[in-house]
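Being a predicted model, the structure only gives us computed values, none of them experimental.
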Amino acid sequence: MASNRHLGRIVAMQTLYEHDFRGGETSGLELSPILERNLDEFRSNIDDTNFVQDIVDGVSSHLPDIDAIIGPAAPEWPVDQIAKIDKIILRIGVYELINKREVPPKVAINEAVELAKTFGGENSK
């Protein structure tokens with residue numbers, strides 16, 4: 001299940017990244033079709049698609065609160081100036097830390113670091 005959840009986080013990250021990259025809420029672009037397309041590609045390898053859906057919906061619906069937590073933690077980097085992929089990874093990590101009580105904090109942090117190592121820039125982790 002753990003590797004399934006890791007892949008699930010990757011799918012959630014890709015979905016949130018594409019949505020943000022293409023203009024996010026201000027563009028009127030819906031998250032659901034992006035998520036469904038991404039899930040369709042990996043569905044056979046993900047046991048719990050609800051986990052992925054929860055991350056995408058949770059990050060999206062708690063965005064102002066999540067960004068309010070990230071901002072003071074990185075005062076020299078305003079949230080809107082953080083690289084898009086790093087910002088998405090931070091948002092997923094913060095969402096899991098604050099809202100996903102069944103995910104141990106150590107796991108949420110480790111997963112965010114692993115995503116940053118794989119998908120972020122040289123200094124992301």
Side-chain angles (χ1 to χ4, degrees):
M1 179 72 85
S3 63
N4 281 324
R5 284 202 163 188
H6 181 71
L7 179 58
R9 286 180 181 92
I10 291 171
V11 171
M13 180 197 66
Q14 289 174 328
T15 301
L16 291 164
Y17 178 82
E18 180 180 340
H19 186 254
D20 191 59
F21 186 81
R22 294 176 62 194
E25 296 301 321
T26 59
S27 70
L29 182 65
E30 294 288 325
L31 269 166
S32 297
I34 300 169
L35 177 60
E36 281 307 310
R37 179 174 27 83
N38 289 337
L39 277 175
D40 284 346
E41 187 172 339
F42 297 100
R43 195 175 307 274
S44 63
N45 295 315
I46 299 175
D47 294 334
D48 188 3
T49 57
N50 290 331
F51 176 77
V52 182
Q53 180 82 49
D54 181 66
I55 291 174
V56 171
D57 290 346
V59 168
S60 177
S61 65
H62 292 90
L63 205 51
D65 297 330
I66 293 169
D67 285 354
I69 292 168
I70 294 171
E76 60 279 349
W77 289 98
V79 175
D80 63 339
Q81 291 181 8
I82 297 172
K84 283 187 188 304
I85 195 69
D86 296 340
K87 181 172 49 177
I88 298 303
I89 293 167
L90 282 169
R91 286 173 173 168
I92 291 170
V94 169
Y95 172 72
E96 286 197 282
L97 282 169
I98 303 301
N99 298 94
K100 300 285 288 171
R101 297 292 177 204
E102 74 275 8
V103 175
K106 222 164 44 170
V107 172
I109 293 166
N110 184 60
E111 284 291 327
V113 170
E114 290 303 316
L115 289 173
K117 284 180 184 177
T118 304
F119 298 99
E122 189 173 307
N123 296 321
S124 297
K125 49 199 168 297

Check: Would Glu96 and Arg101 satisfy salt bridge (Lys or Arg N to Asp or Glu O under 4.0 Å), going step by step from the backbone distance to the final call?
Finding: CA-CA 7 Å; Glu96 286 197 282; Arg101 297 292 177 204; over 6 Å; no

Margin query: Between Tyr95 and Asp54, is the side-chain hydrogen bond (donor to acceptor under 3.5 Å, both in side chains) condition met? List the steps.
Written below: CA-CA 10 Å; Tyr95 172 72; Asp54 181 66; 3.1 Å; yes

Item checked: Test log, rule side chain to side chain contact (heavy atoms under 4.5 Å, CB included), inputs Lys87 and Tyr17 -> CA-CA 9 Å; Lys87 181 172 49 177; Tyr17 178 82; over 6 Å; no

Next item on the list: Give the intermediate values and the outcome of side chain to side chain contact (heavy atoms under 4.5 Å, CB included) for residues Leu16 and Leu31.
Entry: CA-CA 8 Å; Leu16 291 164; Leu31 269 166; 4.3 Å; yes

Margin query: Determine whether Val52 and Phe42 satisfy the following criterion, side chain to side chain contact (heavy atoms under 4.5 Å, CB included), listing intermediate values before the conclusion.
Written below: CA-CA 11 Å; Val52 182; Phe42 297 100; over 6 Å; no

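In this structure, Arg5 and Asp48 approach most closely via the heavy-atom pair NH2-OD2, 3.8 Å. For Val103 against Arg9, the heavy-atom pair with the smallest separation is CG1-NH2, 3.9 Å. Shown here for Ala12 and Ile55, the closest heavy-atom pair between the two residues is CB-CG2, 3.7 Å. Closest heavy-atom contact between Pro104 and Glu102: CD-O, 3.4 Å. What you find for Gly93 and Ala112 is that their closest heavy atoms are CA-CB, 4.4 Å.
No donor-acceptor pair closer than 3.5 Å links the side chain of His19 to the backbone N or O of Thr15.
Looking at Arg91 and Asp20, their side chains come closer than 4.5 Å, going by heavy atoms from C-beta outward. Inter-residue side-chain proximity for Ile82 and Ile70 is flagged as met; some heavy-atom pair is nearer than 4.5 Å. A heavy-atom distance below 4.5 Å is not found between the side chains of Ile89 and Ile92. At a threshold of 4.5 Å between non-hydrogen side-chain atoms, the residues Arg43 and Val11 do not count as touching. Annotation: side chain of Glu18 is in contact with side chain of Arg22 (closest heavy-atom distance under 4.5 Å).
A distance of 9.5 Å separates CD of Gln14 from CZ of Arg37, quoted to the nearest 0.5 Å. For the atom pair CG (Leu115) and NZ (Lys117), the distance works out to 11.0 Å, reported to the nearest 0.5 Å. Atom CZ of Phe119 is separated from atom CG of Asp86 by 12.5 Å, given to the nearest 0.5 angstrom. Note: Asn38 CG to Ile46 CD1 = 9.0 Å, rounded to the nearest 0.5 Å. To the nearest 0.5 angstrom, Thr118 atom OG1 is 10.5 Å from Ile85 atom CD1. Taken to the nearest 0.5 Å, the OG atom of Ser61 stands 7.5 Å off from the CD1 atom of Ile66.
Looking only at atom types and distance, the side chain of Glu114 has no donor-acceptor partner in the side chain of His6 under 3.5 Å away.
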